[in-house]
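Take a look at the structure below.
As the structure is a prediction and not an experimental result, all values here were calculated from the model. So that the names make sense, note that chain A is the first sequence line, chain B the second, and so on, each numbered from 1.
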Amino acid sequence: MLHPMGWDAFGMPAENAAIERKRHPMEWTYSNIEQMRAQLKQLGYSYDWSREIATCDASYYKHEQAMFLQMLERGLAYRKRAIANWCEHCQTVLANEQVEDGQCWRCANPVVMKELLQWFIKTTAYAQELLDGHAKLDWPSSVITKQKNWIGRSEGAEIRFAFDQPVAGEASFTVFTTRPDTLYGVTFVSIAAEHPLALELAKGGANEAEVRAFIERIRIEHRTKRDDGDVDKQGIFTGRYAIHPLTGQSVPIWIANFVLMDYGTGAVMAVPAHDERDFEFARKYGLDLKVVIQPEGVAALDVTTMKTAFTDSGVLVGSGAHDGLPNEAAKSAITAELVGKSVGKATISYRLRDWLVSRQRYWGSPIPVIHCPTHGVVPVPEKDLPVLLPQDVVITGEGGSPLARHASFVNTTCPTCGEPARRETDTFDTFVESSWYFERYTTPREENRPVDPERARGWLPVDLYIGGEEHAVMHLIYARVWHYLMMDLGYLPKDTAREPFSKLVCQGMVCQEAFYSTDPQNPAHKTWCYPEDMELRDGKRFTKDTGLELHSAGVVKMSKTKRNVVDPDEVVAKFGADAVRLFVLFAAPPEGQVDWSEAGLEGASRFLQRVWRLVRDRRDVLVATQPFAGGALEGAARDLRRMTHRTIDRVTRDLGDRMQPNTGIAAMMELVNALYSFKADGEVDRAVVREAIDVLISLLSPFAPHIADELSEALGGQGNLLAKGWPALDADALREDTIELPVQVNGKIRGRVIVAPAADEATVLAAARADANVAVYLEGKALKKVIYVAGRILTLVV
RNA sequence: GCGAGGAUGGCGGAACUGGCAGACGCGCUGGACUUAGGAUCCAGUGCCGUAAGGCGUACGGGUUCAAGUCCCGUUCCUCGCACCA
C-alpha cells in the first residue's frame, strides 16, 4: 500500500502572503510546510514520509517542463490569442474569482477583457475518451454527471450557408446546429461579434460604422457581464444576406451578442419559431418566423399569436419532401439531404475547451520556451531544464509579472541562432502540478524522468482517491487528461491502466459556525471574528475589542478567511490526537460534513477514557490471564464472546467495503458497554474478557493508535500493535442458539417468541399461537396467510 | 430555467438485498457517590396517553402480508451548469 503526502505549494496564497506580509513566497511556503508536517505527524497519520514531495521544488517542476515540451512538439500544447480578465492599474491578469462586481479585488479599478497570447493544452483531443472512460470508474454519480455536463457533448450537423456575394474571399460560412430538423424554418442567421468575418460583412455597407462600434462594445462586455446570467439580447443587421442551402432563399445575417465564438463554429442558423433565444431576438428586432414543426393533437401553431418558441417534438410542415416526418426522424433525413448536396454533414460538438495553462504570475513553474526575433517560439533544449524560478525578486502585485522585470531571467539567447532573445515570463497554472503528482509519488526520486515507467505502472491506478467534491470538474478532468498524455507520450507503458483513479470518494468538510461584524460606515464590509474574541451579552454575541454586534453566517467550511477555525495544536494539547481523530471519524460518514463541536470531542475523549479505565481497573487480573483459546461456553460468557466476534465482523466491514468508520466506532462502543456490564466470575470468564479486551485494543488501533499501543504494552504486548495483525473472526462464536422473533398480525407487532434461528414455520407458528397477546388478535379469526422470513419475522394475516 | 443529490427524535447520525425505525454518541431529566461536581456510576429519554393502546422517517397518493427503503405527484434544502445553438 502506498499512502503518501506532499505539498501543492505553488500558487496565489503564497504570492498574496508575499504582497501583504512582505515575505518571500519561498520562505512563507516552506515555513508553512514545516508547520503542517509537524501537525500531521502529531495526529499520527501513517503517511510514508520517504515519498514526500513539494511541487515548488525544481526537482518536481522540471519534469512537467519536460513533458510540456513533448506536448508542444506533438501539437498537444499550443499558443493562441485568448481573452482574459485584465486590471489596467495592476498590469496583471486576474482569475475569475479575483474579479468582484467587475472590479479588481485589490485596487477596485474596473476589470477589462483583454486579448493576450496564452498557452493551451489540447484537452479537447480527449473529449470523447473522457466521456467513454466514465464507464470504468467507481465514482459518485454526481461527479460523473458534472463531468458530463462540463464536457457537454452534443450531436448535430454543420451546415454551409453561401454568402450572397463573397466576403473577404470566402464564398460561404458554416453553422453548427443540434436541430437540423428545423432547417426549413430558418429566417435569419446570427454570428458572434468575435467571428473573423463579422466586420468584413459590414465593410462598404451603409452602417459599417455602427456595426464596428457594436462589435467593439460586445467584445469588451461579453464575458464580464455573463455572470449576471440574464443579459439582454442585442444584435445588429450586417446589411448582408446568406443563401439557404436547401431552399435557396435569402436570409439576413445578424451579429448577436448571445452567439459564442468559442463554441461550435461561432455562427448559428436562427429558427425563431422553434428556439427560445431566436424567438426572443426575432420579436425584439421584428424578424420573420416560420413554423416547420407542428405538435400533434392540438391547434396548429400560428406565428402571429405565438408567445413562445415551440421546442417540443412534432411533425414537419413546410419542409419540402420531409413534410409529415416526425421531427426526430427528420434530423437524420435532412442531414442526409445536406450530405447529398455537399452542403453539410453530421458532427459532434463539445463544450469542453482547451485548457489555458499560462498565468502572468510569479509563484509557479516557468513555461520553458524562448521568444526569438527571428525564430519565434523556440523550446528550451531539454539539457537546459529546469528553467529555474529566480528567487531574487520583489513582489508588489503591481506592474505585471515580476519575472518580466527580472533582467537576468528574461534576457537570454536563442537556442537556435544564439542571438539575443526573450525568455517566456508566464508560469504554469497550479492545476498543472496537481495533474500528475500522484504519478510522481510512485517513484518520487527519479532524477531524469517524471516516473520510472515500469514501477509506476505497477502502482497505478490509484485504487482509492479521496478529495473534495469541488474538484469534480477541473482537477479531475485535467488529471485524467494528463495521465492519458503521459501514456500517449510514452512516459508510461501502453498497458498502464488508462484511468488514473479507480474509486473516488468525496469527503465532507469540517465546518463551524462563523460570525462577522459590519462597520457602520461601510456595511458591505464584513469583519470576521475568532471564537475567542467574542463575548455573550443578553444572548447576543459581540466582539471583545470593538463591541460591535456579531451576525452568524451559518455553519460553514472552516477557513482562515472566516476565522471559524480551530488550532489543531490546541485541541491536540487539550484532548489528545486520538480523541480528535476519533471525533472526526465518528461525527459523520466520510462524505458528510463534520460540524465541529467541543461536546462531541468530549464524547470521544470520554469513550477513550472509558477504555483506559476498563484496562487499568482490571490490569493485574488481565495480565495474569491468557485470552480465551476456544472450547464450549454458555450463558453470559458466551454472549460476551459472541459480541466480541460480532464486533470484529462489524469493524472489519465498516473499515472495508462499507467505508463507514462512524458505525465501526459505534460497534466498539457497544462492546465497551457490554464489558462494563459483564461480571467476570471464574477463570473462563476472565479469559473471555481478556480476549475481548485484546480484540478491542486491536480494533481501536487504526482509530486511536497512540492509546491502543499504550494499552497493548500495559498488558504485556511486545512491539508495535500493527505487527500483531488484525483479529481473526471465529465464525463459530457468532452462532446463536435462540433468537427473539417478532410476530406481526396484520402488519403490527403483537408479540415476540423465542425460537431456534433455523426453526421451521410450523414450530414458529405454534410458538406464536401460544403467545398470549398474539392469541388475543387471532381469537375467532381465520388465518388467511402466513409469511415467515426465517430469522427475521413471522407475519400472520387474518 | 436545466441537471444531480438530499429531507429520519432537541442535535450528529444508524437501519447491509422491502422484514422489530431511532443503533452509537451529544444534549436533557432523575438518582447514587461526594466538601464539591462541568468527574464517575445507575436509570430514563420519538410524540400523545395514568394505562391499554394509538401515532410516527418533509407532504399527498400508490404497490405490498409488510415501505425510511419501491412507484407517481408536491414542497423545501444543498450543489453544479446557466444564452453551449
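No cation-pi contact links A:Lys233 to A:Phe281, judged by a cut-off of 6.0 Å to the six-membered ring centre and 45° from its axis. Note that A:Lys503 lies outside the cation-pi zone of A:Tyr465, set by a 6.0 Å cut-off to the ring centre and a 45° limit from the axis. Geometrically, A:Arg610 engages A:Tyr676 in a cation-pi contact defined by less than 6.0 Å to the ring centre and at most 45° from the axis. A cation-pi contact, defined as under 6.0 Å to the ring centre and within 45° of the axis, links A:Arg480 to A:Trp139.
Contact annotation for A:Arg351: base contact, defined as any heavy-atom pair under 4.0 Å involving a base atom. At a threshold of 4.0 angstrom between heavy atoms, the contacts of A:Arg606 are confined to the sugar-phosphate backbone, with no base atom among them. Residue A:Thr795 is classed as a base contact, given a heavy-atom separation below 4.0 Å to a base. As judged by a 4.0 angstrom heavy-atom cut-off over every strand, A:Ser597 is placed among residues making no nucleic acid contact. Across all strands, A:Arg750 comes closer than 4.0 Å only to sugar-phosphate atoms, never to a base (heavy-atom distances). Across all strands shown, A:Lys784 has no heavy atoms under 4.0 Å from either base or sugar-phosphate atoms. Looking at heavy-atom distances under 4.0 Å, A:Pro589 makes contact with sugar-phosphate atoms alone, never a base. A:Asp278 comes within 4.0 angstrom of nothing in the nucleic acid, heavy atoms only. Counting any heavy atom pair closer than 4.0 Å across all strands shown, A:Gln660 reaches sugar-phosphate atoms only and no base atom. Backbone-only contact: A:Arg613 has heavy atoms under 4.0 Å from sugar-phosphate atoms and none from a base. Across all strands, A:Arg610 comes closer than 4.0 Å only to sugar-phosphate atoms, never to a base (heavy-atom distances). At the heavy-atom level, A:Val789 lies under 4.0 Å from base atoms of the strands shown.
Pairing for B:G49 is absent, judged as Watson-Crick or G-U wobble with the two contacts each under 3.5 Å. The partner of B:U35, taking Watson-Crick or G-U wobble pairs whose two distances both stay under 3.5 Å, does not exist in any strand shown. Applying the Watson-Crick and G-U wobble criteria (two distances, each under 3.5 Å), B:C20 pairs with nothing in any strand. B:C79 and B:G3 make up a base pair, with Watson-Crick or G-U wobble contacts both under 3.5 Å. Base pairing of B:C28: its partner is B:G44, meeting the Watson-Crick or G-U wobble criterion (both donor-acceptor distances under 3.5 Å).
Taking atom P on both B:G56 and B:G68, the two are 10 Å apart, rounded to the nearest angstrom. When the C1' atom is compared between B:C79 and B:G30, the two are found 45 Å apart, to the nearest whole Å. When the C1' atom is used for both B:U40 and B:C59, the distance is 46 Å, rounded to whole Å. A gap of 27 Å separates the C1' atoms of B:C26 and B:C76, to the nearest Å. Taking the P atoms as reference points, B:G60 lies 23 Å from B:G22, given to the whole Å. On the C1' atoms, B:C42 is 11 Å away from B:C33, given to the nearest whole Å. B:A15 and B:A7: their P atoms are spaced 13 Å apart (whole Å). As rounded to the nearest Å, B:A82 and B:A4 have C1' atoms that lie 15 Å from one another.
In this model, the phosphate group of B:A14 is approached by a side-chain N or O of A:Asn662 to a distance below 4.0 Å at OP1 or OP2. Phosphate contact (OP1/OP2 of B:C55, side-chain N/O of A:Lys748, threshold under 4.0 Å): present. Residue A:Asn673 has no polar side-chain atom (N or O) positioned under 4.0 Å from OP1 or OP2 of B:A23. For the pair A:Ser154 and B:A85, the criterion of a side-chain N or O lying under 4.0 Å from OP1 or OP2 is met.
Taking atom CZ of residue A:Arg658 and atom P of nucleotide B:U17, one finds them 9 Å apart after rounding to whole Å. Put simply, CD on A:Glu598 is 19 Å from P on B:G12, counting in whole angstrom units. Here B:C65 presents its C1' atom at 12 Å from CD1 of A:Ile749, a figure rounded to the nearest Å. The CD1-P distance, from A:Ile793 to B:G18, rounds to 15 Å in whole Å. Counting to the nearest Å, the P atom of B:A15 and the CZ atom of A:Arg792 are 13 Å from each other. Atom CE in A:Met474 sits about 9 Å away from atom P in B:C81, given to the nearest Å. Distance CE (A:Met643) to C1' (B:A23): 10 Å, rounded to an integer number of Å. When rounded to the nearest whole Å, the span between NZ of A:Lys146 and P of B:C79 equals 10 Å.
In this structure, A:Trp355 has its ring center at least 6.0 angstrom away from the ring center of A:Phe431.
Atom CD of A:Glu532 has more than 12 neighbouring heavy atoms from other residues, nucleotides or ligands inside a 6.0 Å radius.
Nearest-nucleotide mapping onto RNA chain B: of A:Thr663 and A:Leu741, the residue sitting toward the 5' end is A:Thr663. Ranked by how close their nearest RNA chain B nucleotide is to the 5' end, A:Glu740 and A:Gly592 are led by A:Gly592.
Neither side chain, A:Glu158 nor A:Thr174, offers a donor N or O lying under 3.5 Å from an acceptor on the other. Using modelled atom types and a 3.5 Å distance limit, the side chains of A:Asn149 and A:Gln147 yield no donor-acceptor pair.
Because its glycosidic torsion is more than 90° from 0, B:G10 is reported here as anti.
The nucleotide whose nearest atom lies closest to any side-chain atom of A:Thr177 is, among B:A85, B:G27, B:C24, B:A85.
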